[in-house]
There are 4 protein chains.
Amino acid sequence: MSIFEKIESEVRGYCRNWDTVFKTAKGAKLVDENGRTYLDFFAGAGALNYGHNHSLLQQRLVEHLTSDGVIHSLDMYTTAKRAFLETFEEIILKPRDLNYKVMFPGPTGTNAVEAALKLARKVTGRQNIVSFTNGYHGMTLGSLAITGNASKRAGAGLPLSHTTSMPFDGYLGEDIDTLKVLERYMRDTSSGVDKPAAFVLETVQGEGGINVASKEWLQGLAKLAKAHDVLLIVDDIQVGCGRTGKFFSFEEAGIKPDIVTLSKSISGFGLPFALTLFRPELDVWTPGEHNGTFRGFNLAFVTAAEALKLYWRDENLTDEVKRKATLTARRLTEIADLFPGLEAQVRGRGLVWAIEFNDPELAGRLAKACFAKGLLVETAGSSDQALKLLPPLTISEAELNAGLDIIAQAVAETVVTVEPATVNA
Amino acid sequence: MSIFEKIESEVRGYCRNWDTVFKTAKGAKLVDENGRTYLDFFAGAGALNYGHNHSLLQQRLVEHLTSDGVIHSLDMYTTAKRAFLETFEEIILKPRDLNYKVMFPGPTGTNAVEAALKLARKVTGRQNIVSFTNGYHGMTLGSLAITGNASKRAGAGLPLSHTTSMPFDGYLGEDIDTLKVLERYMRDTSSGVDKPAAFVLETVQGEGGINVASKEWLQGLAKLAKAHDVLLIVDDIQVGCGRTGKFFSFEEAGIKPDIVTLSKSISGFGLPFALTLFRPELDVWTPGEHNGTFRGFNLAFVTAAEALKLYWRDENLTDEVKRKATLTARRLTEIADLFPGLEAQVRGRGLVWAIEFNDPELAGRLAKACFAKGLLVETAGSSDQALKLLPPLTISEAELNAGLDIIAQAVAETVVTVEPATVNA
Amino acid sequence: MSIFEKIESEVRGYCRNWDTVFKTAKGAKLVDENGRTYLDFFAGAGALNYGHNHSLLQQRLVEHLTSDGVIHSLDMYTTAKRAFLETFEEIILKPRDLNYKVMFPGPTGTNAVEAALKLARKVTGRQNIVSFTNGYHGMTLGSLAITGNASKRAGAGLPLSHTTSMPFDGYLGEDIDTLKVLERYMRDTSSGVDKPAAFVLETVQGEGGINVASKEWLQGLAKLAKAHDVLLIVDDIQVGCGRTGKFFSFEEAGIKPDIVTLSKSISGFGLPFALTLFRPELDVWTPGEHNGTFRGFNLAFVTAAEALKLYWRDENLTDEVKRKATLTARRLTEIADLFPGLEAQVRGRGLVWAIEFNDPELAGRLAKACFAKGLLVETAGSSDQALKLLPPLTISEAELNAGLDIIAQAVAETVVTVEPATVNA
Amino acid sequence: MSIFEKIESEVRGYCRNWDTVFKTAKGAKLVDENGRTYLDFFAGAGALNYGHNHSLLQQRLVEHLTSDGVIHSLDMYTTAKRAFLETFEEIILKPRDLNYKVMFPGPTGTNAVEAALKLARKVTGRQNIVSFTNGYHGMTLGSLAITGNASKRAGAGLPLSHTTSMPFDGYLGEDIDTLKVLERYMRDTSSGVDKPAAFVLETVQGEGGINVASKEWLQGLAKLAKAHDVLLIVDDIQVGCGRTGKFFSFEEAGIKPDIVTLSKSISGFGLPFALTLFRPELDVWTPGEHNGTFRGFNLAFVTAAEALKLYWRDENLTDEVKRKATLTARRLTEIADLFPGLEAQVRGRGLVWAIEFNDPELAGRLAKACFAKGLLVETAGSSDQALKLLPPLTISEAELNAGLDIIAQAVAETVVTVEPATVNA
């Protein structure tokens with residue numbers, strides 16, 4: 001029995017499907033201790049948009065370390081923090097005409113979400129938060145209450161409350177505009193849904209199976225929020241930082257949320273780091289009202305600033321993501337077309353894609369087969385019914401194609417293996 | 001206006017008292033961008049027990065980085081994680097006969113606490129948690145509900161529930177054994193307090209003003225928990241990792257909590273990292289039931305393992321802390337004795353100490369005066385009425401004395417300055 | 001200033017619109033202290049289905065009183081209680097093949113609802129309750145949490161939780177089958193709506209503006225409840241006891257709820273009385289687990305038993321209600337047709353009807369005008385936009401026509417008065 | 001099997017101990033259908049302070065009924081309601097210099113308590129309510145959350161929240177002044193107890209086992225409430241209406257609560273009726289914000305007004321209660337003294353008394369033995385360890401002595417029977 005099986009809690013998950021011990025990583029590849037190389041279509045669940053161990057960021061970290069740069073500083077001022085704030089303002093906020101205040105809520109996504117919810121409730125004096133079906137926002141009690149997944153919710157050991165789950169774009173089928181449902185509840189003072197402090201959503205739901213909100217839906221939601229004096233929170237933790245092409249996932253829709261959360265890829269290097277951004281008028285915090293030991297993690301300031309300079313001074317990465325998106329969509333659609341019996345659906349935006357099958361257990365088998373062939377790719381959706389592609393944005397086209405080849409092969413082999421059995425049944 | 005004042009949220013706190021921009025740090029010292037050096041009696045709020053930028057840990061990080069070691073791995077297996085688990089088992093768990101499972105709940109203290117609460121509720125099927133007056137456990141909704149501070153609680157924008165705040169050791173004065181109060185509530189089925197899943201406490205309350213639970217009280221609490229089939233959770237985030245002398249703060253009392261949380265200094269280097277430990281029988285999690293993007297932060301695995309090897313293979317650090325504790329207690333008592341009019345109380349254990357005054361605003365003035373003299377020291381307590389000393393455990397005796405000299409001077413000067421004014425008023 | 005204005009709380013409501021002091025009442029008429037007679041289209045908000053002061057019930061009460069019959073007995077056994085239970089079983093339960101246990105939860109509707117919710121949660125071990133938009137179930141915290149009206153909810157001074165408000169039949173317009181929305185949430189394990197203990201509804205929403213659920217919708221709901229192992233609670237407090245024709249409002253749909261609440265007209269005489277009925281398998285209460293001082297109000301047992309014998313041994317009353325329903329519907333439709341500019345909608349079933357106008361303030365003005373003409377009729381709906389007709393079931397056709405005449409006149413006069421003003425505006 | 005056992009819910013309680021069917025009642029006596037007479041030391045759990053079927057009240061009811069007086073009127077004005085309000089003001093409020101507004105919250109105690117809590121939260125904008133150990137306030141969710149009994153709380157099927165249970169007078173033993181505990185929590189802003197809207201208590205806890213708060217404690221509590229701007233709510237449902245001698249139980253302590261709840265004996269005849277009284281400044285309700293079908297139960301207005309006139313125009317009843325209190329205390333103490341082995345404690349005030357034994361099961365056996373001898377007397381306390389005496393205030397001294405004789409005999413016989421067994425064990 002390995003030390004993992006012996007003393008690590010049963011809560012561990014990914015290691016059960018990818019049962020090897022990884023040692024090194026670079027770009028879009030991980031290498032295990034036996035020297036086997038894996039293509040990475042998982043990218044730290046979106047935390048490694050620029051790949052593993054980017055050499056320039058690596059170098060900046062070593063420089064900071066060897067010069068005795070401050071590592072841990074809570075919310076004291078440091079030179080590294082200043083450099084980050086200046087870079088973030090110059091490269092991200094100003095060009096997008098986003099006049100946000102920046103809060104360091106603690107270094108994880110759920111810290112950023114909890115801070116957003118606390119602020120929204122404090123500012124409005126209202127307690128209810130409207131979230132959306134199949135949303136995923138984190139595991140601490142506040143974030144969990146706006147997360148849809150029943151088994152994760154059950155982990156709370158408590159009824160989760162002060163939230164209302166409204167239907168996401170497309171949730172009620174093609175014929176029903178789910179915004180109309182939300183609007184009806186908001187307009188009616190006897191709807192039984194308490195007026196919310198905020199709407200909170202991911203523009204593309206990652207854990208929920210890659211559900212993509214349309215531009216029109218996002219615009220309608222922003223309008224509805226404004227009309228009812230409700231704050232709009234976009235949780236861009238998984239699909240921000242370029243995942244959908246532009247830096248923020250909501251840019252294409254032309255909306256400006258009141259509050260935005262960022263984490264995962266914001267450090268650019270896989271370091272724990274998170275931000276909560278909001279309109280200056282909402283900055284009603286008293287000093288220290290929300291705090292946390294690791295708010296000032298200077299290594300992350302260093303790599304985050306450097307990554308912004310590398311990738312977001314121009315449109316190159318955005319254009320690259322668009323090209324790869326087209327390629328990915330095309331190839332997944334080809335797979336779907338090749339096996340019409342699977343009734344596969346292909347969904348995605350930028351470099352976050354899903355292919356979902358009529359047999360809900362197929363995705364799990366495919367992920368396993370891909371791993372055997374040297375590709376890390378996970379499943380998503382309420383019953384893990386979709387294969388979810390989340391490669392680094394910086395993956396080469398050759399690598400992207402190689403990974404898609406593996407998926408295509410896995411489908412072909414798995415379906416061939418399965419079909420006769422299905423026929424006999 | 002600095003970039004900090006311009007775009008960082010008003011929630012920032014420490015920077016307001018320590019209004020300079022820090023650049024480098026080593027051991028017990030921080031240096032600002034103007035080259036001024038500060039002695040650090042704050043130690044990252046307890047996250048830097050071994051000081052800033054420990055050279056050997058620095059070296060290990062550089063090695064890991066330059067060899068393209070995996071940085072971010074969620075709960076996949078990595079060689080760095082294995083090394084940490086083996087080291088933790090060998091150096092910490094086995095010698096103390098602690099048969100704990102290790103959970104990586106996310107890299108911050110509040111993640112560790114939320115996981116502990118979720119598990120306790122899940123295991124017992126009960127919802128109530130008994131916490132203690134003046135306790136501090138974190139800022140996300142679950143942890144905040146067991147935190148005493150009213151202004152922090154108000155930040156939730158929600159009534160915080162499913163918790164009961166019982167009196168900590170000493171809370172009701174010397175004459176009342178607060179355990180008897182708790183016991184009365186537990187025994188009586190009409191007490192109005194729902195049978196709890198767990199008691200959760202810090203053995204020395206840090207934010208709450210350095211309230212030290214006695215050995216006897218801790219033993220009584222453990223006994224009471226057992227008698228009523230209630231889980232005992234020790235939150236050792238601030239006062240574990242040697243802060244009170246031994247690795248865990250509860251060792252001296254000879255108790256074995258059912259669940260323990262660690263964070264802050266567990267990485268040894270100020271990196272975001274946290275653990276939730278529990279008896280194997282409690283490990284009822286289903287895979288992935290609690291997750292988080294930064295559960296597998298390999299840089300922290302590297303430094304944490306190295307720090308354990310450096311400091312916890314023998315009793316040297318524990319002995320050193322005891323010596324410094326004696327010195328600190330003696331010198332603070334001397335200050336108290338020198339100014340009987342301040343009715344100062346000196347409290348502490350290991351290297352966490354407080355000196356509290358009859359004038360609740362004095363501590364704030366002293367902290368300011370200390371900063372002016374080159375010492376970082378913060379205040380604590382429900383009205384920030386105590387000066388709180390939390391130097392690195394590895395501080396030299398000379399540095400410790402130098403810092404205490406500054407405090408003594410600050411008291412002398414502040415009191416002299418203040419007294420006449422007081423007389424005139 | 002009257003004693004009412006001087007010492008009765010500002011919470012008083014109906015007296016503000018019907019500003020006179022009533023002294024006697026009989027059948028469908030109330031008489032004030034000045035001897036003025038009013039036709040009653042309000043019937044104690046549905047508590048007086050058999051009219052005021054029914055002579056035979058009056059007589060039974062006097063007999064009980066003058067024979068020193070037990071008045072107050074909590075849940076002790078009395079001869080009057082036995083007579084009621086026997087009558088209820090024989091006349092109501094057996095002929096309908098309803099095998100219900102009878103609980104006396106306290107004498108008001110909200111007591112009955114709270115008992116139903118407690119039982120549903122206890123039996124299932126689940127906490128969430130699905131209620132419906134525009135539902136009204138009572139003013140105590142449990143019932144209020146399933147009531148839609150925002151201003152009533154705000155009265156709690158607390159966030160109301162552990163409930164989900166789903167769209168009632170017709171809530172999302174004609175094109176959307178709201179059952180599909182509910183079904184989608186129930187089927188999806190990532191919907192964010194915790195699996196409920198029960199669905200709770202009124203088949204005709206009274207306070208909500210007379211929203212009538214169709215037979216098909218009710219049948220679909222019952223099926224959905226069964227399929228998902230969710231209890232079905234029908235709150236028949238306002239529209240039970242013959243209000244829709246049959247004794248229970250759900251009989252026409254052919255469904256058998258798991259739990260039913262009755263109050264208002266169940267005593268037959270306007271006395272405080274309520275019942276919670278449920279399938280025997282659900283009777284998991286421990287003795288005294290829910291109690292209340294006025295559970296055993298023997299005067300109500302006496303009149304309730306007598307009223308059942310009077311009206312529910314045959315189909316006469318049901319047939320009578322149907323005839324009057326037809327008449328009411330016809331006449332209201334005539335009014336609507338006469339004034340097409342008002343875009344009036346007529347809704348109802350049995351003897352509960354509403355006429356709603358495009359001008360949301362018109363209903364209030366009409367109610368006032370009717371009162372001036374000697375008719376009590378109230379408004380309903382989330383913005384009191386509908387005139388609500390709730391005459392005693394036993395009202396004579398002449399009286400019913402007389403009341404409808406008054407409404408017709410009021411509409412004619414009010415509209416004539418208003419129209420020019422509208423034109424000028 | 002009786003109809004009761006066949007179709008009444010298992011929740012029924014008292015009938016299990018008093019297994020007969022009662023038919024008539026007068027004064028302090030109940031008669032079952034077999035003609036057997038029982039002395040009543042239970043008095044409808046305090047709802048029958050003036051005994052059963054008081055002849056004059058009976059007569060007034062018959063007059064009202066036979067004159068077609070309005071029975072049910074919600075919050076419309078009626079002549080009967082006016083008469084009640086005038087009488088209540090003249091006989092109760094004015095002489096006591098109590099400037100209260102009167103609210104009709106619905107006809108049961110729990111309605112009155114829920115209205116009180118809602119108002120307190122609304123007025124203060126705070127959510128927490130401080131209640132006391134062993135308190136009992138009702139079965140609907142709001143009232144249940146301030147009730148101590150664990151098995152009743154469990155009936156909710158939900159965690160009960162937004163309340164804090166503080167130790168009642170004497171709860172922590174003779175040496176601890178429980179007010180000091182409460183004060184410590186109130187003063188400390190890090191106590192973890194959110195500032196409450198109100199303190200709510202019974203001055204003598206009935207269900208909790210007859211715990212009597214001292215005059216000094218009540219005065220201290222009122223002072224503490226004022227000092228911290230917290231509302232004081234006295235729940236006088238069981239021990240108001242003369243139960244402790246004066247009309248309100250708090251009069252002797254000379255305090256004036258901000259809010260008072262009354263029910264049980266306020267109708268004087270066992271009819272469902274309840275009041276919530278409060279200082280005019282607190283009357284911030286909007287019309288109809290709290291409502292209920294049976295707020296205007298005119299039969300109760302009639303008897304309530306008459307009962308006030310009969311008993312509260314002078315001090316006669318108060319004096320009578322005092323005499324009977326002395327007699328009861330003396331005789332219970334004699335019983336206690338006669339059997340020192342039982343270590344009996346005698347507690348009470350006015351005509352609410354308990355005798356509690358070292359053997360917690362003895363009270364149950366005694367109640368059973370008393371019933372066999374023709375006396376109704378119940379048990380109380382968290383484990384039903386006390387015999388609770390609650391005779392009508394108007395009981396004759398002969399009847400009171402006869403009942404006490406039965407108790408004395410029951411003790412003698414039960415103890416004799418039990419003792420040898422105990423010896424053998």
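Naming convention: chains lettered A, B, ... in sequence-line order (proteins, then strands); numbering from 1 in each chain. Basis for what follows: all heavy atoms, side chains included, without hydrogens, waters or symmetry-related copies.
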Exercise. Hey, does C:Glu114 have a side-chain heavy atom less than 4.5 Å from the side chain of D:Thr110?
Worked result: no
Seminar exercise, completed: Looking only at heavy atoms, the pair that brings C:Leu65 and D:Asn53 closest together is O-OD1, 4.2 Å
Problem set entry | chain C interface, residue from D:Met103, D:Gln238, D:Gln58 that has the most non-hydrogen pairs under 4.5 Å | D:Gln58
Exercise. Using a cut-off of under 4.5 Å for heavy-atom pairs, which of D:Gly106, D:Gly69, D:Ser2 has the most such pairs with chain C?
Worked result: D:Gly69
Problem set entry | When C:Gly157, C:Ala25, C:Pro272 are compared by non-hydrogen pairs under 4.5 Å with chain D, the top option | C:Pro272
Exercise. Near D:Lys29 NZ, under 6.0 Å, is it more than 12 heavy atoms from other residues, nucleotides or ligands?
Worked result: no
Problem set entry | Minimum-distance pair of heavy atoms, taken over all atoms of D:Asp75 and C:Cys15 | O-CB, 3.2 Å
Exercise. Non-hydrogen atoms of chain D under 4.5 Å away: do they reach the side chain of C:Ser67, the backbone, both or neither?
Worked result: backbone
Exercise. Minimum heavy-atom separation for D:Ala47 to C:His72, with atom names?
Worked result: CB-NE2, 3.5 Å
Exercise. Can you name the nearest heavy-atom pair linking C:Asn111 to D:Thr108, along with the distance?
Worked result: OD1-CG2, 3.8 Å
Problem set entry | Under 4.5 Å from a heavy atom of chain C, the part of D:Ser151 involved | backbone
For this session: Report yes if some heavy atom in the side chain of C:Leu144 is under 4.5 Å from a heavy atom in the side chain of D:Leu141; otherwise report no.
Result: no
Problem set entry | Contact origin within C:Leu57 toward chain D - heavy atom pairs under 4.5 Å | neither
Exercise. In Å, rounded to the nearest 0.5 Å, how long is the span from CD1 of C:Ile71 to OG1 of D:Thr303?
Worked result: 10.0 Å
Exercise. Top residue by heavy-atom pair count (under 4.5 Å) with chain C, among D:Glu89, D:Lys152, D:Arg126, D:Lys101?
Worked result: D:Lys101
Exercise. Looking at C:Val62, C:Val123, C:Leu282, which one has more heavy-atom pairs under 4.5 Å with chain D than the rest?
Worked result: C:Val62
For this session: Counting only heavy atoms closer than 4.5 Å, note whether D:Leu376 contacts chain C via side chain, backbone, both or neither.
Result: side chain
Exercise. Do the non-hydrogen side-chain atoms of D:Leu85 and C:Lys6 ever get within less than 4.5 Å of each other?
Worked result: no
Exercise. Rounded to the nearest 0.5 Å, how far does CG of D:Leu74 lie from CZ of C:Phe42?
Worked result: 4.5 Å
Problem set entry | Choice from C:Leu119, C:Leu117, C:Leu271, C:Val102 maximising heavy atom contacts with chain D below 4.5 Å | C:Val102
Exercise. Which region of C:Phe104, side chain (C-beta onward) or backbone (N, CA, C, O), has a non-hydrogen atom less than 4.5 Å from a non-hydrogen atom of chain D, or is it both or neither?
Worked result: side chain
Exercise. Is chain D contacted by the side chain of C:Thr20, its backbone, both, or neither, given a heavy-atom distance below 4.5 Å?
Worked result: backbone
Seminar exercise, completed: If you tally heavy-atom pairs under 4.5 Å between each of C:Lys26, C:Lys81, C:Arg82 and chain D, the highest tally belongs to C:Arg82
Seminar exercise, completed: Only one of D:Arg12, D:Arg16, D:Glu33, D:Lys23 passes side-chain hydrogen bond (donor to acceptor under 3.5 Å, both in side chains) with C:Tyr77, and that residue is D:Arg12
Exercise. For C:Leu299, is it the side chain, the backbone, both or neither that has a heavy atom under 4.5 Å from a heavy atom of chain D?
Worked result: side chain
Exercise. Checking C:Phe84 against chain D: side chain, backbone, both or neither under 4.5 Å from a heavy atom?
Worked result: neither
Seminar exercise, completed: CZ of D:Phe278 to OG of C:Ser9, rounded to nearest 0.5 Å, is 3.5 Å
For this session: Write down the atom of C:Met139, the atom of D:Lys118, and the distance for their closest heavy-atom approach.
Result: O-NZ, 2.9 Å
Exercise. Applying a criterion of heavy atom separation less than 4.5 Å, what residues of residues 285-298 of chain C form contacts with chain D?
Worked result: C:Trp285, C:Thr286, C:Pro287, C:Gly288, C:Glu289, C:His290, C:Asn291, C:Thr293, C:Phe294, C:Arg295, C:Phe297
Exercise. If you measure from CD1 on C:Ile7 to CG on D:Leu277, what distance do you get to the nearest 0.5 Å?
Worked result: 9.0 Å
Problem set entry | Residue pair C:Glu8 / D:Asp283: nearest heavy atoms and the distance that separates them | O-OD2, 4.4 Å
Exercise. Can you tell which of C:Asp68, C:Val21, C:Asn17, C:Leu158 has the highest number of heavy-atom pairs within less than 4.5 Å of chain D?
Worked result: C:Asp68
Exercise. Quick one: of C:Lys122, C:Gln127, C:Gln59, C:His64, who has the most non-hydrogen atom pairs under 4.5 Å with chain D?
Worked result: C:Gln127
